[in-house]
Amino acid sequence: MKDRPCRATVFSPMSELHRHLRLKALSVLQSMGLPEAAAEAALRLEPPKNKDHGDVALGTFALAKLVGKTPPQFAAEFAQQIVADGVLASAAAAGPFVNFKFQRAALAKDVLTMVMRGAAPYGIAASNGQVVVIDYSSPNIAKPFHIGHMRSTVIGGALRRIHRHLGATVHGINHLGDWGMPFAKMMTAYMHWGDETELAKAPMRYMFELYKRYSKEAKDNPALDDEAAKHFQALESGVDNQERRMWQFLRDESLKAFQGPYDRLAVTFDAITGESFFEDKMEAAMQRVVQSGVLELSDGAEVVWLKELGIKEPCLLRKRDGTTLYHTRDLAAAFYRESTYHPNRILYVVGAEQKLHFDQLKGVLTRMKEPIALAVEHVPFGLVLSKNPESKWEKFASRAGNAVFLDEILDEAVQKVRQVIAEKNPELEDKEKVAEQVGVSAIIFNDLKNSRIKDVKFDWETMLNFEGETGPYVQYACARLSGILRKAEQAVPDASKIDFAQLADAERVLLTMLDFGSAVQRAAEQSEPSIVTAQVIALAGEIHSYLRDHHVLGAEPAVRDARLLLVDAARRLLTTGLSLLGIPAPERM
RNA sequence: GCGCCCGUAGCUCAGCUGGAUAGAGCUUCGGCCUCCGAAGCCGAAGGUCAGAGGUUCGAAUCCUCUCGGGCGUACCA
């Protein structure tokens, strides 16, 4: 409880190869007269810009400065003193750089045995002691689960798996929007125009229709908003009244309806504690704010000013009419999460348009001198856009109306996959299952492909095309590898029986596999699943290229065995990578 | 107005926190299925990294300004 939350300083999953290289480099640096600590800090081993240079590169600018030599001079001297061994093949100076190369057999052995053992970072790591709370998806009840909700759901789901993979204890939370004014507006609409039998037929769609009508009519009739505010007050009074019963009904129906998309997207939660969960926790939270002395009255509302933190707009915690706000509930939620989970990080996977909200939340906690303030991290993402008739990008709109149910999008993608299967693999078994797996994955993959802050530009022409950097492309690589293993009609040989020297020609595949750990690590640190997506695309590409010139089944026994192991390992790692994204890897497609 | 984000090939984007000749995919064009899956592979074409200054050995990356686009700006979430 007294532990100050801090940014993840997680153990970096360095491979044995890198560890070996680093130790060796450090000992040479010390023999060259550099103090250990200085050498440690200045020894920045990084991937070379150009793969042809080597496996690992070292820019010697900082190191050279420490000993007062020019970088090229230093690099030459340093490289000369590195002696090749069973792991390290060479160290070559190139101007101010030193390029290292691993022994190919050692590279293959290290990567493949680790992958096959499921050892970290290729498999799930042992506990790293980190606790991460992730708040994602969080749709509003009684509204359709539409394309806009998908981003938070899919990004959050991926982050949850990525942190788990790295050994963190993760609490995935669906902070349902089941409280507040939107719901009260819907209730108002129902009381005016609602029809019980219509509601029973298709609650979600019907309520959405009513909500749209409300939005339209409220423009000319502000009295509706006043009425809604009253309903919200009645709801928040805690009394078992009409409002509460209706709220319960809509919440239950919504959860039922949301389960559809969640199942299809393979997203799960550890807790569904929506805003309503904090109904009885807000007063205590407000007390805490009062006691910290930062709460002020402004125009009858209770606010916290944040000017000293560079935020002009105050954070409103209670309205003039005494009811609470989004902020109040998020504040109560932050306290609850702190005492319940003791997290190092709390990630809020919420659209970029809500940046101010989270700056304010963090700001209030900061002004209150609450340590949990440091753990609060907004993970923003861009909008989903579609092309309008003038072929300009704008907020997603269907051809027919405004909001689009996610199911409709997924169905359309699955339908396209059915066509492709009929064309390319009509004999396939389980066509329906595979179509669902591939179609839904194409949508998910498209969403996780680019940096999350970029808007997702969603057009059917791109989605219809399953070539290049797409979900189906990676799945296809898996299926192809599975096909080879199937046709081998033998068990994949144990790594202990492999002559790894036979895999010298697979260096590009192996080096890409070697990058997996750092990619997952960076994805977690930056809350950026697209790093994993890119990694998986790269590996699929390398293995596709490799298979062109290197046949497996027809090769000499020693070569065949080694390649079978490579194929199996690549398949496993691709499957793992995809699974982090929430994407299955069918054996045939 | 103020704040934040984005601007890299015709289009959609990478570029691992300041390093070597700026890379992919789509599109276009040209090749590759008697050979483990062509949803694939190989090649070609395509660039004033929005613009101008600055910081330094070195800038797409950091700072300042300008332009363009988006989002947000107290009783919604």
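Values reported hereafter were calculated over all heavy atoms of this structure, with side chains retained and with hydrogens, waters and symmetry mates removed. A note on names: the letters A, B, ... follow the listed sequences, proteins ahead of strands, and every chain is numbered from 1.
Between A:Y326 and A:H357, the distance separating the two ring centers is shorter than 6.0 angstrom. Ring centers of A:F258 and A:H149: at least 6.0 Å apart, outside the cut-off. Side-chain rings of A:F97 and A:F61 approach one another, their centers coming within less than 6.0 Å.
A gap of 10 Å separates the P atoms of B:C5 and B:C63, to the nearest Å. Nucleotides B:A74 and B:A14 are separated by 40 Å at their C1' atoms, to the nearest Å. Nucleotides B:G69 and B:U27 have their C1' atoms positioned 24 Å apart, rounded to a whole Å. Rounded to whole Å, the P atom of B:A38 lies 45 Å from the corresponding atom of B:G70. Comparing B:A20 with B:U61, their C1' atoms sit 16 Å apart, to the nearest whole Å.
If you take CG of A:L553 and C1' of B:G37, they are 12 Å apart, rounded to a whole angstrom. With rounding to whole Å, A:Q475 atom CD is found 14 Å from B:G37 atom C1'. Remark: P of B:G23 and NZ of A:K449 are 20 Å apart, rounded to the nearest angstrom. Nucleotide B:G25 holds its P atom 19 Å from the CD atom of A:E461, rounded to whole Å. Look at CZ on A:R588: it is 16 Å from P on B:A39, rounded to the nearest Å. When the P atom of B:A14 is taken as reference, atom CZ of A:F445 falls 13 Å away, rounded to whole Å. Between the OH atom of A:Y473 and the P atom of B:A38 there is a distance of 12 Å, rounded to whole Å. Taking atom CG of residue A:D455 and atom C1' of nucleotide B:G7, one finds them 12 Å apart after rounding to whole Å.
Under the stacking criterion of a centre-to-centre distance below 5.5 angstrom and an interplanar angle below 30°, A:F97 is not stacked against the six-membered ring of B:G19. We find that the ring of A:H544 and the base of B:C41 do not stack by the test of centres under 5.5 angstrom and planes tilted less than 30°. Stacking between A:H357 and the base of B:A77 is absent under the criterion of ring centres within 5.5 Å and planes under 30 degrees.
Interface remark: the A:S298 side chain does form a donor-acceptor pair with the B:A74 base, using a distance-only criterion of under 3.5 Å. Between the side chain of A:D52 and the base of B:A20 there is no donor-acceptor pair of N/O atoms closer than 3.5 Å.
Across all strands shown, B:G43 pairs with B:C29; the Watson-Crick or G-U wobble distances both stay below 3.5 Å. Using Watson-Crick or G-U wobble geometry with both donor-acceptor distances under 3.5 Å, B:U17 finds no partner in any strand shown. Base pairing analysis places B:U73 opposite B:G1; the two distances defining the Watson-Crick or G-U wobble pair are each below 3.5 Å. Shown here, B:U12 forms a base pair with B:A24; the pair counts as Watson-Crick or G-U wobble because both key distances fall under 3.5 Å. Base pairing of B:U34: no nucleotide in any strand meets the Watson-Crick or G-U wobble criterion (both distances under 3.5 Å). Pair check for B:A59 finds none; no Watson-Crick or G-U wobble contact set falls under 3.5 Å. If you check B:C65 for Watson-Crick or wobble pairing at under 3.5 angstrom, you find it paired to B:G51.
Side-chain proximity of A:W393 to B:A39, B:U12, B:A24: nearest is B:U12. The side chain of A:K487 has B:C36 as its nearest neighbour among B:C71, B:A14, B:C36. Residue A:I421 places its side chain closer to B:A39 than to any other of B:C41, B:U12, B:A39. Considering only the side chain of A:K454, B:C13 comes nearest among B:A20, B:G37, B:C13.
Using a cutoff of 4.0 Å between basic side-chain nitrogens and carboxylate oxygens, A:D568 and A:R572 are scored as salt-bridged. By the 4.0 Å N-to-carboxylate-O rule, A:D515 lies close enough to A:K51 to be salt-bridged with it.
Contact detail for A:C478 and A:L574: the closest heavy-atom pair is SG-CB, 3.5 Å.
The shortest distance between side-chain heavy atoms of A:H175 and A:I272 does not fall below 4.5 Å.
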